[in-house]
Protein chains: 2
Amino acid sequence: MIASAERRATITDVAREAGTGKTSISRYLNGETSVLSPDLRERIEAAIAKLDYRPNQMARGLKRGRNRLIGMLLADLTNPYSVEVLQGVEAACHALGYMPLICHAANEIDMERRYLQLLTTYRVEGVIVNALGVKEELLQTFSRGGVPVVLVDRSIEGLVTDMVGLDNPAAVSLATRHLVDEGFDDVLFIVQPFRRISSRRVREAAFRDTIGALGAQGSTVVLDLADEAPALAAIDVQLEASEEKGTRIALFAANAPVALRVALHLKERYGADWQQRAALMSIDDSEWAELAGMTTIRQPTYDIGRRAVEFLHERLEGARMPARECLLPGELVVRASTRRDKL
Amino acid sequence: MIASAERRATITDVAREAGTGKTSISRYLNGETSVLSPDLRERIEAAIAKLDYRPNQMARGLKRGRNRLIGMLLADLTNPYSVEVLQGVEAACHALGYMPLICHAANEIDMERRYLQLLTTYRVEGVIVNALGVKEELLQTFSRGGVPVVLVDRSIEGLVTDMVGLDNPAAVSLATRHLVDEGFDDVLFIVQPFRRISSRRVREAAFRDTIGALGAQGSTVVLDLADEAPALAAIDVQLEASEEKGTRIALFAANAPVALRVALHLKERYGADWQQRAALMSIDDSEWAELAGMTTIRQPTYDIGRRAVEFLHERLEGARMPARECLLPGELVVRASTRRDKL
DNA sequence: TTGTATGCGTTATCAG
DNA sequence: CTGATAACGCATACAA
């Protein structure tokens with residue numbers, strides 16, 4: 001029988017049990033172990049073990065002004081990208097002694113706002129944000145209050161802060177060149193409404209640039225997952241035109257959710273063997289990509305999460321410097337869907 | 001310009017600004033609004049707005065002993081099941097005014113232990129656990145200390161607490177009957193090592209029971225995702241035997257990760273049109289199930305998460321009752337993979 | 001080397 | 001109705 005009942009031991013209990021003052025306990029806890037006599041140290045150890053004492057982080061944080069809490073706002077955990085970034089964040093937090101306070105907006109924009117409020121309330125020391133649609137001012141509150149902010153995947157207009165994400169231009173260029181190299185005459189870039197999300201915007205622009213530079217044929221289709229019909233119809237038109245003209249057309253999805261939606265549509269259109277009849281690739285290497293034999297760009301998600309925490313950590317350690325931008329390279333994973341001999 | 005600089009306003013600042021005492025501010029914050037004169041109330045409101053004041057949850061928690069924090073320990077966020085449960089948890093927490101402290105063990109058993117420690121340290125009011133391999137004693141610490149525990153998906157030997165999950169016997173029976181109804185002569189139930197995980201154990205047992213009751217042919221293959229070769233070989237043997245004998249055999253994966261692994265294997269074995277050549281179904285309706293045309297049992301994941309929080313909430317409100325068990329029904333989602341006319 | 005006193009931001013107790 | 005004042009659990013300046 002270790003624990004008493006109902007109430008966790010406090011530092012005072014430990015002090016009494018060890019027959020000393022709270023200060024010594026506090027010293028022991030904070031590793032100022034050299035300042036303690038071996039005897040006292042032993043008594044303290046014993047007392048802690050006996051009472052199963054765990055220092056109260058809340059009280060600790062209240063006193064010293066930092067509670068080791070880091071806010072992590074995710075737009076959509078349903079997107080494997082987010083989960084992977086999260087893994088990196090967690091690992092880095094653990095290594096650096098932080099505790100991530102994970103907030104999942106589930107694609108709801110006011111959830112996002114509410115969570116941001118909550119994070120304020122819990123006095124997180126810093127925030128990592130993969131935002132859906134927060135406005136610059138909301139985050140300003142943090143940085144203005146001395147709470148560093150790191151953006152992930154996308155930047156926010158009017159807000160200058162550290163940001164880490166995929167090197168979109170390079171990634172899109174890599175992918176587009178691959179398609180052209182494989183002999184596709186026409187490429188359809190499919191992306192969610194992109195005006196307001198920087199990463200989508202950059203990807204779309206990079207696509208047009210690359211296609212242009214290569215002198216190849218290509219166009220963009222905007223797919224709104226909340227109203228898919230128009231985009232799917234547009235895709236069909238292109239597919240049919242291509243079939244008529246006898247050209248080879250490739251579909252390039254700007255991220256995993258889009259890829260899934262398009263894949264489902266292709267399956268509906270061509271049947272179970274749609275993979276033999278259409279060429280689809282995408283950014284984001286989701287778990288079913290291998291199963292579908294789909295070529296992808298794999299994002300360095302884990303590193304993105306890790307870097308984000310490191311950025312935060314540096315600021316928290318007092319580093320004073322202009323906003324940084326860390327763009328990590330994506331990796332082309334070639335699978336059957338875009339093979340030259342395919343169509 | 002709302003906020004000052006560097007330091008968030010405290011209740012004292014607000015009191016000074018409003019020309020009153022801290023007590024009144026506290027009263028205002030806690031909704032004891034009827035006890036305040038309209039005039040004072042207005043001044044307080046103004047002061048709060050002007051200073052952009054946010055009460056400090058840490059201090060609050062320290063004082064009143066509850067910080068509205070709920071620990072949520074997840075074994076593996078890579079499993080869509082977990083993410084979906086999480087959605088339910090988050091929604092319920094939000095509705096009830098709790099903040100979930102999400103801990104992702106990422107399939108590492110000592111991560112799990114460390115996180116459990118951390119949760120203690122942050123004095124969470126309750127914990128929801130989807131455990132990988134924690135031992136009963138670790139959780140005992142919580143319940144013994146008056147911190148309620150709710151188990152999700154699986155129970156833990158030697159620990160009696162509230163638990164919520166899928167009604168596995170019913171779900172497996174439903175699935176197995178479906179397969180037999182569709183005319184399969186033989187069913188291969190594929191499951192990860194199941195001795196130590198109650199949900200897997202129950203599913204396997206339910207499978208044998210149902211197959212027996214139906215007088216049908218069936219057997220179990222144990223697939224260890226860390227050492228897949230033996231299981232995959234075993235599957236191949238069965239597949240070949242079935243082909244020779246000319247019988248119809250179905251593969252029944254006990255969860256999504258297993259289903260994915262098996263699907264990949266089938267693709268390797270049969271090529272891109274493996275879906276036409278093999279019949280695979282699974283528990284867990286992952287996002288690619290529709291794409292692969294795979295029949296599944298969809299778990300009521302969202303409700304599972306919601307119920308877990310509700311259970312916790314009731315305990316936190318002081319409900320005193322024996323441990324409860326909430327088993328929610330799964331839903332059979334029939335797709336092409338198990339259609340009668342298939343093979 | 002050790003202990004005392006004070007305060008972190010809130011709420012609760014008790015007087016006015 | 002309102003406002004001092006004492007805790008909550010801990011860390012730290014200071015004293016011993």
Side-chain angles (χ1 to χ4, degrees), chain A residues 4 6-45 47-48 51-69 120-125 145-146, chain B residues 4 6-45 47-48 51-69 120-125 145-146:
Chain A
S4 55
E6 284 301 309
R7 208 181 52 79
R8 289 218 67 101
T10 78
I11 203 173
T12 312
D13 300 326
V14 180
R16 188 172 344 101
E17 176 72 28
T20 177
K22 311 196 285 187
T23 310
S24 298
I25 313 296
S26 178
R27 291 214 174 92
Y28 176 86
L29 294 176
N30 293 301
E32 303 174 38
T33 170
S34 56
V35 212
L36 297 176
S37 71
D39 170 54
L40 183 52
R41 186 158 59 208
E42 265 178 37
R43 272 152 52 211
I44 295 182
E45 256 157 25
I48 289 185
L51 299 179
D52 188 30
Y53 169 71
R54 304 291 165 79
N56 182 332
Q57 280 297 341
M58 299 301 159
R60 214 185 257 235
L62 185 58
K63 184 60 186 135
R64 71 166 116 190
R66 357 179 292 178
N67 52 22
R68 311 269 75 188
L69 244 27
T120 295
T121 266
Y122 280 99
R123 295 295 187 273
V124 292
E125 296 184 37
Chain B
S4 56
E6 284 301 309
R7 209 180 52 79
R8 288 219 68 99
T10 77
I11 203 173
T12 312
D13 300 324
V14 179
R16 189 173 341 103
E17 176 72 29
T20 176
K22 311 195 286 185
T23 311
S24 297
I25 313 297
S26 178
R27 290 213 176 92
Y28 176 86
L29 293 176
N30 293 299
E32 303 174 39
T33 172
S34 57
V35 214
L36 297 175
S37 70
D39 170 55
L40 183 50
R41 186 158 58 206
E42 265 176 37
R43 273 151 53 213
I44 294 181
E45 255 157 25
I48 289 185
L51 300 178
D52 188 31
Y53 168 71
R54 305 291 164 79
N56 183 332
Q57 279 298 344
M58 298 303 159
R60 217 183 252 232
L62 184 58
K63 185 56 186 147
R64 73 166 113 186
R66 356 179 293 177
N67 52 20
R68 310 268 77 188
L69 244 28
T120 296
T121 267
Y122 280 100
R123 295 295 187 274
V124 292
E125 295 185 37

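Chain naming here is simple, since letters A, B, ... match the order of the sequence lines and numbering starts at 1 in each.
- In this model, no side-chain donor or acceptor of B/Lys63 finds a partner on the base of C/dG9 within 3.5 Å.
- In this structure a side-chain-to-backbone donor-acceptor pair under 3.5 Å is missing from A/Arg60 to A/Pro55.
- Residue contacts shown for A/Arg66 are absent, as no nucleic acid heavy atom lies under 4.0 Å away.
- A/Thr23 comes within 4.0 angstrom of a nucleotide base, judged by non-hydrogen atoms across all strands.
- At the heavy-atom level, A/Thr10 lies under 4.0 Å from the strands shown only through sugar-phosphate atoms.
- Under the 3.5 Å distance criterion, the side-chain polar atoms of B/Arg8 are left unmatched by any main-chain donor or acceptor of B/Leu51.
- Distance, B/Glu32 CD to C/dT10 C1': 13 Å, rounded to whole Å.
- At distances below 3.5 Å, not a single donor-acceptor pair connects side-chain atoms of B/Asn56 with backbone N or O atoms of A/Arg123.
- Taking for each of B/Gly21 and B/Arg123 the nucleotide of DNA chain D with the nearest heavy atom, the 5'-most of the two is the partner of B/Gly21.
- Put simply, the side chain of B/Arg43 gets close to the backbone of B/Ala18: a donor and an acceptor are under 3.5 Å apart.
- In this structure, A/Ile25 reaches neither bases nor backbone, as no heavy-atom distance under 4.0 Å exists between it and the strands shown.
- Within the structure, every side-chain polar atom (N or O) of A/Thr12 is placed at least 4.0 Å from both OP1 and OP2 of D/dG9.
- Straight-line distance from the OH atom of A/Tyr122 to the P atom of C/dT10: 13 Å, rounded to whole Å.
- Across the interface with DNA chain C, nearest-nucleotide mapping of B/Ala59 and B/Arg27 shows B/Ala59 to be the residue nearer the 5′ end.
- Considering only side-chain N and O atoms, A/Arg64 lies nowhere under 4.0 angstrom from the phosphate OP1 or OP2 of C/dC8.
- In this structure the side chain of A/Leu40 never reaches within 4.5 angstrom of the side chain of A/Arg27, judged on heavy atoms.
- What separates CG of A/Leu40 from P of C/dT1 is a distance of 11 Å, to the nearest Å.
- Distance CZ (B/Arg7) to C1' (C/dG7): 13 Å, rounded to an integer number of Å.
- Distance A/Arg60 CZ to D/dC8 P: 19 Å, rounded to the nearest Å.
- Take the nearest nucleotide of DNA chain D for B/Thr20 and for B/Leu62: the residue whose nucleotide is more 5' is B/Thr20.
- Computed from coordinates, the B/Ile11 CD1 to C/dC8 C1' distance equals 13 Å when rounded to whole Å.
- OP1 and OP2 of D/dC8 both lie 4.0 Å or more from every side-chain N or O belonging to A/Asn56.
- Look at NZ on A/Lys22: it is 17 Å from C1' on D/dA15, rounded to the nearest Å.
- One finds no side-chain N or O of A/Tyr28 lying less than 4.0 angstrom from the OP1 or OP2 phosphate oxygen of C/dT2.
- Close to C/dT2, at under 4.0 Å from its OP1 or OP2, lies a side-chain N or O of A/Ser37.
- Residue A/Ser26 places at least one side-chain N or O closer than 4.0 Å to OP1 or OP2 of D/dA11.
- Atom CZ in B/Arg43 sits roughly 12 Å away from atom C1' in D/dC1 (whole-Å rounding).
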